[in-house]
Amino acid sequence: MKPYRSTKENRSRFFQGMRAGIPIGMGYFAVSFTLGITARNAGLSPWQAMVMSMAMHASAGQFAAIHVIAASSGFLEMAVTSFIVNLRYLLLSSSLSQKIRPGTRLSHRFFMAFFVTDEIFGISAACPGYVNPFYVYGAALVAAPSWEIGTLLGASVGNILPLAIANAMNLALYGMFLAIIIPPAKKDKFIAGIVVLSMFASFLCSVLLVSLSEGFRIILLTILIAGIAAWLHPVQEQGESSHES
């Protein structure tokens, strides 16, 4: 069986992904604008900041790398810091691999992995059944350029904005996450409980495990909470659904 060969089906999933990517793109633009300001203050040119955003779609990883650059540290320290902060994407990709239909080409898997972010993972994981690669491509087509252009503009003209306004733009990121988690939480009380537990556990870790980096705390919480949730409430096998090809 050769999946994803129906042009009509792939086109439909692609446009569904684009629609889902619009609010993500809006949030990315606001957050990356602040990222661009930070990059400019660290000595990067607008184009250097944009290239960084094209190569790494990760706000925490990029902010960490920019701080290392600002401290005039070496390439090795920057690489190790970015790797540790972004290590959680290994978990997200591993989880999303279970949503990919068997027989999917390696090229699809590669590009889906490149565009995995917290938000794109969220909407992809919410798809019933298998996720079509073209759904991810559609979301990425809207979200990724918004991240890159926002970085370029922030590094170019961001310094003319008052600091309070620039910092307030970061709130868009939290609004994005709420838009992702609230609908499934309203449908399933167990998911709602896991969301509340995750928030409480994250707060405790930020207070009690201050010696650990943010990246390691996220990885630790993800493994523990996801493992407990899978043990208590395993997902039943689903037949093919509207998001399958």
Side-chain angles (χ1 to χ4, degrees), residues 1-29 31-32 35 47-62 65 78-79 82-152 176 180 215 218-219 222-223 226 235 237-245:
M1 179 171 54
K2 298 180 179 180
Y4 314 123
R5 295 299 297 271
S6 170
T7 302
K8 182 178 179 180
E9 180 73 11
N10 291 341
R11 185 184 299 114
S12 173
R13 302 304 174 227
F14 183 81
F15 285 117
Q16 286 180 11
M18 288 187 67
R19 288 194 294 271
I22 291 174
I24 295 177
M26 294 172 64
Y28 278 3
F29 181 86
V31 175
S32 64
L35 175 71
W47 293 108
Q48 287 173 329
M50 182 179 180
V51 169
M52 176 184 279
S53 287
M54 293 174 66
M56 188 195 319
H57 301 116
S59 59
Q62 285 182 249
M78 181 173 63
S82 299
F83 175 77
I84 292 173
V85 173
N86 292 331
L87 197 57
R88 73 183 186 278
Y89 292 114
L90 177 63
L91 299 177
L92 300 185
S93 297
S94 298
S95 176
L96 193 59
S97 69
Q98 307 305 305
K99 296 274 294 181
I100 300 176
R101 190 171 185 173
T104 300
R105 293 198 304 268
L106 181 62
S107 58
H108 281 313
R109 295 174 182 269
F110 175 84
F111 286 110
M112 290 176 72
F114 178 74
F115 289 114
V116 166
T117 63
D118 299 301
E119 296 76 24
I120 291 182
F121 168 81
I123 62 173
S124 300
C127 292
Y130 295 119
V131 59
N132 189 306
F134 289 89
Y135 178 81
V136 177
Y137 300 158
L141 182 65
V142 177
S146 299
W147 181 258
E148 295 148 9
I149 294 172
T151 304
L152 176 65
M176 238 183 339
I180 291 173
I218 292 174
I219 292 170
T222 300
I223 294 175
V235 176
E237 291 293 331
Q238 304 181 56
E240 296 198 352
S241 66
S242 60
H243 278 269
E244 294 181 30
S245 283

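This one's a predicted model, so the numbers in the text were calculated from it and none came from an experiment.
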Legend entry - F15: partners by side chain to side chain contact (heavy atoms under 4.5 Å, CB included), with sequence neighbours left out: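 Checked F15 against side chain to side chain contact (heavy atoms under 4.5 Å, CB included); matches are R11, M18, R19.
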Legend entry - Main-chain N/O of F121 paired with S124 side-chain donor or acceptor, under 3.5 Å: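 No, the answer is negative, given that no donor and acceptor are paired below the 3.5 Å cut-off.
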Legend entry - Sidechain-backbone polar pair: S12 side chain, K8 backbone, donor-acceptor under 3.5 Å: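 Checking the backbone N and O of K8 against the side chain of S12, no donor-acceptor pair under 3.5 Å is found.
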Inset, instruction - Tell me yes or no: between the side chains of Y130 and T104, is some donor less than 3.5 Å from an acceptor? - result: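 Looking only at side-chain atoms, T104 and Y130 do not form any donor-acceptor pair under 3.5 Å.
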Separation of [Y] [atom2] from [X] [atom1] (nearest 0.5 Å):
X: S32; Y: M50; atom1: OG; atom2: CE; answer: 10.0 Å
X: S146; Y: L141; atom1: OG; atom2: CG; answer: 9.5 Å
X: R109; Y: S97; atom1: CZ; atom2: OG; answer: 7.0 Å
X: K99; Y: N132; atom1: NZ; atom2: CG; answer: 12.0 Å
X: N86; Y: L92; atom1: CG; atom2: CG; answer: 10.5 Å

For residues [X] and [Y], report the shortest heavy-atom separation together with the two atoms involved.
X: S59; Y: V31; result: CB-CG1, 4.4 Å
X: F114; Y: A55; result: CE1-O, 3.9 Å
X: I120; Y: T117; result: N-OG1, 3.2 Å
X: A125; Y: L96; result: N-CD1, 4.4 Å

Legend entry - Any residue meeting ring-ring contact (aromatic ring centres under 6.0 Å, His included) with F115, in chain and number order, not counting sequence neighbours: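 Partners of F115 by the ring-ring contact (aromatic ring centres under 6.0 Å, His included) criterion, ordered by chain and then number, come out as H57.
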Legend entry - Partner residues of S53 under the side chain to side chain donor-acceptor pair (under 3.5 Å) criterion, sequence neighbours left out: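 Here the qualifying residues are Q62, W147, T151.
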Legend entry - Pairing residues for Y89 by the side chain to side chain donor-acceptor pair (under 3.5 Å) criterion, not counting sequence neighbours: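 For Y89, no residue satisfies side chain to side chain donor-acceptor pair (under 3.5 Å) once neighbours in sequence are set aside.
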Inset, instruction - State whether the number of non-hydrogen atoms from other residues, nucleotides or ligands found under 6.0 Å of F111 atom CZ is greater than 12. - result: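 Check fails, neighbour count at 12 or below.
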Inset, instruction - Verify the neighbour count for atom CE of M54: are there more than 12 heavy atoms of other residues, nucleotides or ligands below 6.0 Å? - result: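 No, not enclosed.
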Got [X] and [Y] here, is their nearest side-chain heavy-atom distance under 4.5 Å?
X: I100; Y: H108; value: no
X: R105; Y: F110; value: no
X: V131; Y: V136; value: yes

Inset, instruction - Determine, using ring centers only, whether F134 and Y137 are less than 6.0 Å apart. - result: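 Yes, close enough.
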